[in-house]
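The structure appears right after this line, and notes come after that.
In what follows, every chain begins at residue 1, and chains take the letters A, B, ... in the order their sequences are listed.
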Amino acid sequence: VVSWTAVVSGYAEHDCGEQAIECFNEMLYEGITPSAVTFLCVLKACASIGPLAEMHAEIERSSLLDRGTCIRTTLVDMYAKCGSIARAQEVFDSLDVRDVVSWNALIAAYVDAGFSEEALDCYECMHGEGFCPDSVTILCSLKACGNIGAENMGTDIHCEAERRGLLERDFAVGASLVGMYSKCGLFTKAWEVLEKLSVRSVALWNALFSGYAEHGRCEEALMCLEHMEVDGVQPN
RNA sequence: GUUAAAGUCACAC
C-alpha cells in the first residue's frame with residue numbers, strides 16, 4: 001500500500017491527476033486495499049482534473065475515514081477547485097475537528113472563487129476561534145485584501161505576521177505583503193516592508209512591479225527593474 | 001525504542 005500510495009502521491013503532487021488515478025486503478029486491480037492516505041492522495045489528484053462525487057461517496061462509505069480532518073480538508077479543496085464553493089463550505093461545516101489547515105483550505109477556496117470578503121470573514125472567524133494563523137493563512141488572506149483593497153484588514157494581518165515572525169520564516173509572506181500594499185496603492189508601505197527584508201526575491205519585486213503597472217505608474221514600475229539589477233535579482 | 005506514503009500555499013505568466 002505504502003509504495004503504491006507513494007507513487008500516487010507523487011503524481012498528485014505534480015498535478016498529474018490522470019496518472020495518479022490510473023495508478024490508483026492499477027493498484028486496485030492488483031488487489032491492494034487503499035488506506036486513508038491513499039484516498040487522500042487520490043482526492044488531491046481529483047482536484048486537479050474535475051469533480052468526482054464518486055470519490056466523495058466512496059469515502060463516506062469506507063468507515064476508516066469517518067471523521068478524518070485531513071481527508072475532509074482535501075475534500076474542501078477538491079470541491080473548491082472544481083468550482084463548487086457551496087459544497088466546499090458544506091464539507092467544512094461537517095468537520096468535527098477544525099484546524100489551521102482546514103481553515104486555510106476554506107479561505108483559499110473563497111479567495112480562488114473571487115469571494116474575498118467571505119475569505120476575510122473566515123479569517124476573522126478562525127481568529128475568533130483561537131487558531132493561530134500560519135504563513136499559508138497569511139498568504140491567502142493577504143491575497144483577499146489585495147483583491148478588494150482592504151487595506152485596514154491587510155494592515156492587521158501584517159501585524160499578525162510580524163508578531164508570529166512569519167516574515168523571516170517564509171519569504172513568500174514578504175512578497176504577498178508587498179503585493180497587498182501595492183494593489184491598495186500604498187507604495188510607501190510596500191517599500192517599508194521591502195526595505196526591512198534582507199533577502200529580496202524576484203517574487204517580491206514582481207509584486208511591486210505589477211502594482212505600479214496596475215496603477216499606471218509606469219516610470220516607477222520601470223525603476224523596479226533597475227532596483228532589481230542593483231539587488232542582483234534576475235527578472236523572470 | 002517508533003524510522004516509511006498523507007491535507008491548505010504567495011508574485012509573475
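- Nucleotides of RNA chain B with any atom under 4.0 Å from a heavy atom of chain A span, from 5' to 3', B/A4 to B/A12.
- A/Asn152 and A/Thr155 form no side-chain donor-acceptor contact under 3.5 Å, judged by distance and modelled atom types alone.
- No hydrogens or angles considered: a donor-acceptor pair under 3.5 Å links the side chains of A/Arg72 and A/Ser94.
- Counting any heavy atom pair closer than 4.0 Å across all strands shown, A/Phe171 reaches a base atom.
- In this structure, A/Phe115 and A/Tyr110 have perpendicular ring planes: the angle between them is above 60°, well past the 30° mark.
- Note on A/Ala172: a base of the nucleic acid sits closer than 4.0 angstrom, heavy atoms only.
- Note on ring orientation: taking the six-membered ring where Trp is involved, the planes of A/His215 and A/Phe187 are perpendicular (angle over 60°, cut-offs 30° and 60°).
- A/Ala203 comes within contact range of at least one nucleobase, with a heavy-atom separation under 4.0 Å.
- Residue contacts shown for A/Thr73 include a base, since a base heavy atom lies under 4.0 Å away.
- As judged by a 4.0 angstrom heavy-atom cut-off over every strand, A/Asp99 is placed among the base-contacting residues.
- Using a cut-off of 4.0 Å between Lys/Arg side-chain N and Asp/Glu carboxylate O, A/Glu192 and A/Lys196 are scored as not salt-bridged.
- Under the 6.0 Å cut-off for aromatic ring centres, A/Trp103 and A/Phe92 qualify, their centroids lying closer than that.
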